[in-house]
Amino acid sequence: MSAGAAGSARARPRPVALLADRLARRDPAIAAIGLPVLLLAVLGWSRRWAADDAYIDFRVVDNLLHGLGPVFNAGERVEAYTSPLWVAILAAVHGLLDFNLPWTAVAIGLALTVAGLACGAVGALLLWRSESARSGGPGRSVALPVGAIVFASISPVWDFATSGLETGLVFAWLGAAFLALARMATAAGDPPPWWARPVPAALLIGIGPLIRPDLGVFSLGFLVVLALLAPAGKRLARTRLVGWALLLPVAYQLFRMGYFAALVPNTAIAKEAGKADWSRGWAYLKDFVGPYARYVPLAAAAVLAGVEWRRRRWQRGTLAVAAAPVICGLVHSLYVVRVGGDFMHGRLFLPGLFGVLLPVLVVAPARWSRVAVGLASAAFAWSLVAGLELRERYPGYPVALRRFVDERAFYVASSHNGHPVTVADYRLTGQIRAGLVLRRRVGERAVVELNPHVRPLGRDPLYPNPPPSRSLRNRVVGTFFAVGLVSYSAGHHVTIVDRHGLADAIAARLDFRPEMGPNGRVWPVRYRAGHEKGLPLAWVVARYADLGSRTGRRLSRLRSVAEARRALRCSHLREILKAVDGPLTFDRFVSNIGVAWRLRSFRLPPEPQRAERQLCG
């Protein structure tokens with residue numbers, strides 16, 4: 001090849017560059033949308049990691065793919081995950097690709113986060129431009145990605161764009177549902193694409209509770225909008241849309257009640273999601289808003305939206321599509337405040353924040369004005385400062401004393417790895433070392449207590465294993481307060497007792513005592529969300545140990561163990577154990593539906609003595 005030919009080959013644009021150039025010429029707003037989307041992808045990748053709680057989902061996926069069912073421990077039907085759809089996606093992708101499961105979750109989570117922002121931005125652009133054209137304004141004006149750049153500049157979004165949790169799926173669902181409704185509202189007589197037609201949109205809207213139960217707020221709001229967009233006078237068509245939306249959630253709810261004998265996920269029972277704690281919730285909101293002065297961009301975006309809204313003649317359908325995510329986002333945030341928030345900094349407020357920003361992710365001004373330029377400039381300036389400087393910096397006192405924590409920073413420090421994703425990345429943590437010890441003990445006749453923060457019951461940390469007649473398949477049992485990393489590294493042949501109750505049917509139903517922390521410690525303020533309950537070791541020994549052995553007989557003489565053993569045979573506790581431990585037959589499945597409803601409010605005292613008196617009389 002001559003030098004001239006080589007030079008011309010180097011000068012020839014690549015196909016991707018040509019495509020981007022054509023798209024930009026066709027619609028300049030695509031570049032405005034692409035900038036925050038690309039920024040979020042880069043920043044999310046720079047903070048890649050997998051949380052300890054994500055490893056609970058990974059263990060469930062591992063058990064499911066090994067034929068043990070969607071369970072945390074083999075032989076115990078407990079719904080330890082919050083997002084059935086996220087677990088199903090991970091199981092399907094991992095089963096097909098057989099790639100490293102934590103990396104699979106991280107990659108899918110980041111891709112879904114980016115896709116959610118892109119879908120939401122396109123939906124907002126459709127709304128603004130359709131109303132601008134209907135009001136006689138320019139149909140192809142330059143767009144301002146005000147909300148998109150604000151959302152991409154928030155550091156908690158970067159952390160949970162990966163994290164291995166279902167947050168990315170939440171963003172993708174919100175963005176896709178909003179885009180489908182916006183496309184329906186702006187169709188203007190043209191048939192919308194198949195994904196924006198009523199039945200597919202209803203199915204999409206209905207799966208919100210399968211991603212997280214609290215997303216039912218958004219599903220309800222979006223479903224109302226979908227009914228408004230349906231042809232007027234066709235009441236039967238609207239009823240059918242409601243039926244399509246409820247199809248998958250109702251089907252899974254029946255499965256949940258028959259398989260797990262519960263009305264809600266076990267995590268919701270453990271966290272007492274129905275109880276109110278406004279004080280801690282407001283503190284959680286302040287912890288999320290204060291360090292970032294988040295009211296500045298939200299106020300600028302709201303005023304800009306109000307100014308542009310007054311310049312258009314909004315129709316009922318497009319106005320409903322724009323208002324629904326804002327109203328639902330505020331209601332969802334209020335619910336988070338009511339239940340006391342979460343212990344992970346900002347995590348539960350991210351869906352509400354994204355919902356509020358959805359209609360203003362992109363704003364297309366009807367005409368340029370000083371007000372529009374000033375407000376957009378204020379939001380962009382805040383985004384620059386927030387992305388570079390604004391962070392929540394927690395004091396250096398022990399993590400156990402904090403109600404809210406930067407979970408990623410904690411595990412980066414404890415693992416001595418800037419991007420802890422896999423078990424190998426976490427190999428220096430105590431959880432992984434304990435899990436590997438348990439894995440090596442498979443086949444031994446021992447229940448193992450390895451929690452470094454709790455003194456084992458009795459002198460011997462090794463307890464006799466369950467008798468062979470039990471339905472439990474595992475011979476090694478460990479008890480912990482943080483169970484994600486340790487359970488996944490231990491493998492599915494080891495039973496892990498979660499003393500906080502997220503993955504244990506007994507611990508989840510302990511009495512709720514806000515002033516009590518793990519192991520019975522009394523705290524001056526309500527302890528960390530989801531961590532108030534702590535199962536005493538006597539219950540573990542009474543349930544799992546072979547008390548007929550030599551060591552078991554010594555332990556059985558302990559009063560607390562004897563009382564716990566008697567309580568496990570009485571009344572509601574015996575019924576729950578049969579429901580989750582007994583062989584699953586058709587009769588058991590039907591019976592579990594009744595158990596789920598009848599024992600929905602059952603709680604027991606953590607002290608074996610009080611529990612025995614209450615249950616056995």
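Residue indices begin at 1 and follow the sequence shown.
The aromatic rings of Phe349 and Tyr284 lie parallel to each other, their planes meeting at an angle below 30°, with 60° marking the opposite boundary. Under the 30°/60° scheme for interplanar angles, the aromatic rings of Phe222 and Trp173 are found to be tilted. Note: Phe58 and Tyr55 have perpendicular aromatic rings, judged against thresholds of 30 and 60 degrees for the angle between ring planes.
In the displayed structure, Phe255 atom CZ is contacted under 6.0 Å by more than 12 heavy atoms of other residues, nucleotides or ligands. The environment of Trp195 atom CH2 is dense: over 12 non-hydrogen atoms of other residues, nucleotides or ligands sit within 6.0 angstrom. Within a 6.0 Å sphere centred on CH2 of Trp278, heavy atoms belonging to other residues, nucleotides or ligands number more than 12.
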Working for side chain to side chain contact (heavy atoms under 4.5 Å, CB included), residues Ile56 and Tyr81: CA-CA 7 Å; Ile56 296 177; Tyr81 50 90; 5.7 Å; no

Arg256 vs Leu254, side chain to side chain contact (heavy atoms under 4.5 Å, CB included): CA-CA, chis, key distance, verdict: CA-CA 5 Å; Arg256 169 183 286 147; Leu254 290 175; over 6 Å; no

CA sep, side-chain torsions, deciding dist, call: Phe481, His500, ring pair (Phe, Tyr, Trp, His ring centres under 6.0 Å): CA-CA 6 Å; Phe481 283 114; His500 279 317; 4.7 Å; yes

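Using a cutoff of 4.0 Å between basic side-chain nitrogens and carboxylate oxygens, Glu272 and Arg603 are scored as salt-bridged. Electrostatic pairing of Arg347 and Glu166 counts as a salt bridge here, judged by a charged N lying under 4.0 Å from a carboxylate O.
Of all the heavy atoms in Pro359 and Val326, the pair that sits closest is CG-CG2, 3.6 Å. Summarising the geometry of Leu502 relative to Lys271, their closest heavy-atom pair is CD2-CE, 3.9 Å, with the distance given to 0.1 Å. Pairing each heavy atom of Tyr292 with each of His345, the nearest pair is OH-NE2, 2.7 Å. The two residues Leu223 and Leu241 come nearest to each other via the heavy atoms CD1-O, 4.4 Å. Taking each heavy atom of Pro420 and Tyr411 in turn, the nearest pair found is CG-O, 4.1 Å. In plain terms, the two heavy atoms of Leu144 and Pro365 that are nearest each other are CD1-CG, 3.8 Å.
The salt bridge (Lys or Arg N to Asp or Glu O under 4.0 Å) analysis of residues 28-55, with sequence neighbours excluded, yields the pairs Arg47-Asp159.
The ring pair (Phe, Tyr, Trp, His ring centres under 6.0 Å) test with Phe171 singles out one residue from Phe354, Phe178, Phe160, and that residue is Phe354.
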